[in-house]
Amino acid sequence: MRRPFVAGNWKMNMLADSSAQLAGELADKLPEGNVEVAVCPPFVYLTTVGNVIKQSKIKLGAQNVYFEPKGAFTGEISTAMLKDVGCEYVIIGHSERRHIFGESDELINAKVKSAIEAELKPILCVGEKLDQRDAGQTEKVIETQLAGGLVGLSADSLKNLVIAYEPVWAIGTGRTATPDQAQEVHQFIRSWLSGKFGDDFAENCVIQYGGSVKPGNAESLMSQADVDGALVGGASLKADDFIKIIGAAIKAKSA
Ligand code: 13P
C-alpha cells in the first residue's frame, strides 16, 4: 500500500523567524492520520526548521543538492551536508531548476544517484510545458525526463523514490490540472515504471501531483487512484492551508 505523501516546497521564501513560526504552527496543528508530511525550506533554514519539527512527525527535505561529495564547487550543497542537518528527502529536477537554471536530465540523473547513495529519498520532478501539452507531447516529455533521470538505476536502489508530476503550466499560475488530467499522466507514469522496473515497483512508488494545489482542489486531485499526494508550493507557506491539504490527503485516501 502506498502511503499518501504531502510535501511543502517553500521555494525562495521566508526568513529565519517566519520559517520557525510556520514550522511551529504546522507541528502544533498536524492532523493525525495515515499521511507522510515533509517541509522543504531554503537551505539556510534547514537547521532552524529541523529543530522546530524534531518532536513532530513532519520530515525535513531540501529543494536541491549537488552530486559531487565535496570540493571546489562554490555555492553548492552536498548530500552529506543535507544528511548532517537532518534531511530525509530532497527535491531533484524541479521545473524551476530545469527551466530557470538549465538543469539537464543528465545532471538530474547524477543528483538522483548521489541522493540514493547517501540514503536520501529523492523526489524526482517531471512535467511538460504548455506548448508541449498543446502539441500532444506530454507523454513523450515525461518519458524522456523519467528515462533520463533514472538512467543506470535498478528497482532495488530506487525503493525510496518519489515522483512528483508537476505540469509547468500549472505551477504558481493558479491554473490546476483537472483531476482527470492529473490521473491520466499519473497512470502513464505508473505504467512506464511498471514496464521499466516491474509491476511491484510501480504499485509501490508514490507519485505526487504539484501545481497550484490548494485546500479547495486538493481532495478531488488526491481522490484519483494514481495521485498519491501533493507537492505544494504557494499554499504550503500558509499553515492553515497546508494543514487543510494534509487533511484532504487523509480523507481522500481513507475513502
Ligand atoms: P505552486 O503550488 O505554487 O503552484 O507550486 C507548485 C510547485 O512547484 C511545488 O514544487
Side-chain angles (χ1 to χ4, degrees), residues 4-14 18-19 22 26 35-43 45-46 49 58-65 87-101 103 108 111-112 115 120-130 132-133 138 141-142 145-146 149 161-179 181-182 185-186 189 206-222 224 227-249 252:
F5 179 26
V6 176
N9 175 7
W10 294 5
K11 306 193 180 183
M12 196 174 75
N13 293 295
M14 313 306 267
S18 47
S19 288
L22 174 57
L26 294 176
V35 65
E36 175 89 344
V37 176
V39 289
C40 305
F43 287 136
Y45 303 129
L46 284 169
V49 170
I58 303 172
K59 309 288 175 54
L60 192 64
Q63 299 174 18
N64 188 20
V65 70
C87 286
E88 183 168 332
Y89 289 96
V90 58
I91 298 171
I92 295 177
H94 190 277
S95 74
E96 286 142 24
R97 300 299 320 169
R98 293 177 187 268
H99 302 302
I100 302 174
F101 301 101
E103 290 197 6
I108 289 163
K111 293 182 175 197
V112 173
L120 280 165
K121 298 174 180 169
I123 303 174
L124 173 64
C125 301
V126 297
E128 80 289 358
K129 297 199 274 186
L130 187 58
Q132 294 168 326
R133 172 164 281 262
T138 299
V141 170
I142 303 291
Q145 291 174 340
L146 287 172
L161 174 73
V162 175
I163 291 176
Y165 168 57
E166 299 205 310
V168 179
W169 48 271
I171 296 177
T173 58
R175 192 177 155 188
T176 323
T178 64
Q181 282 174 323
V185 179
H186 281 234
I189 293 171
V206 169
I207 308 175
Q208 297 175 312
Y209 169 80
S212 299
V213 176
K214 309 279 179 224
N217 60 25
E219 193 182 332
S220 59
L221 284 160
M222 290 187 278
Q224 298 296 315
V227 179
D228 306 318
L231 183 55
V232 186
S236 74
L237 301 174
K238 295 181 197 134
D240 288 346
D241 283 1
F242 194 56
I243 292 292
K244 282 182 193 151
I245 293 169
I246 295 165

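Both counts, for ligands and for their atoms, begin at 1 and track the order of listing. The first residue of the sequence shown is numbered 1, and numbering continues consecutively from there.
A 4.5 Å side-chain heavy-atom check between Val126 and Arg98 finds at least one atom pair inside the cut-off.
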Any protein N or O within less than 3.5 Å of an N or O in ligand 1? List each pair with its distance, or say none.
unit_1: ligand 1; atom_1: 2 (O); unit_2: Ser212; atom_2: N; d: 3.4
unit_1: ligand 1; atom_1: 2 (O); unit_2: Gly233; atom_2: N; d: 2.9
unit_1: ligand 1; atom_1: 3 (O); unit_2: Gly234; atom_2: N; d: 2.8
unit_1: ligand 1; atom_1: 4 (O); unit_2: Gly172; atom_2: N; d: 2.6
unit_1: ligand 1; atom_1: 4 (O); unit_2: Ser212; atom_2: N; d: 2.7
unit_1: ligand 1; atom_1: 5 (O); unit_2: Lys11; atom_2: NZ; d: 3.2
unit_1: ligand 1; atom_1: 8 (O); unit_2: Lys11; atom_2: NZ; d: 2.8
unit_1: ligand 1; atom_1: 8 (O); unit_2: His94; atom_2: NE2; d: 2.8
unit_1: ligand 1; atom_1: 8 (O); unit_2: Glu166; atom_2: OE1; d: 3.4
unit_1: ligand 1; atom_1: 10 (O); unit_2: Asn9; atom_2: ND2; d: 3.0
unit_1: ligand 1; atom_1: 10 (O); unit_2: His94; atom_2: NE2; d: 2.9
unit_1: ligand 1; atom_1: 10 (O); unit_2: Glu166; atom_2: OE1; d: 3.2
unit_1: ligand 1; atom_1: 10 (O); unit_2: Glu166; atom_2: OE2; d: 2.9

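Phe242 contributes atom CZ, which lies 7.5 Å from atom CD1 of Ile58 (distance to the nearest 0.5 angstrom).
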(message) Please evaluate residues Val39 and Trp10 with respect to the criterion side-chain contact (heavy atoms from CB on, under 4.5 Å), reporting the C-alpha separation (whole Å), side-chain torsions for both, the decisive distance (0.1 Å), and the verdict.
(response) CA-CA 7 Å; Val39 289; Trp10 294 5; 4.0 Å; yes
(request) Step by step, work out the side-chain contact (heavy atoms from CB on, under 4.5 Å) result for Lys11 and His94. (result) CA-CA 10 Å; Lys11 306 193 180 183; His94 190 277; 4.1 Å; yes
Enumerate, atom names and distances included, each donor-acceptor pair closer than 3.5 Å involving a side-chain atom of residues 229-239, sequence neighbours excluded.
unit_1: Ser236; atom_1: OG; unit_2: Val232; atom_2: O; d: 3.2
unit_1: Ser236; atom_1: OG; unit_2: Gly233; atom_2: O; d: 2.7

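Ring pair His186/Tyr165 is perpendicular by interplanar angle, where above 60° counts as perpendicular and below 30° as parallel.
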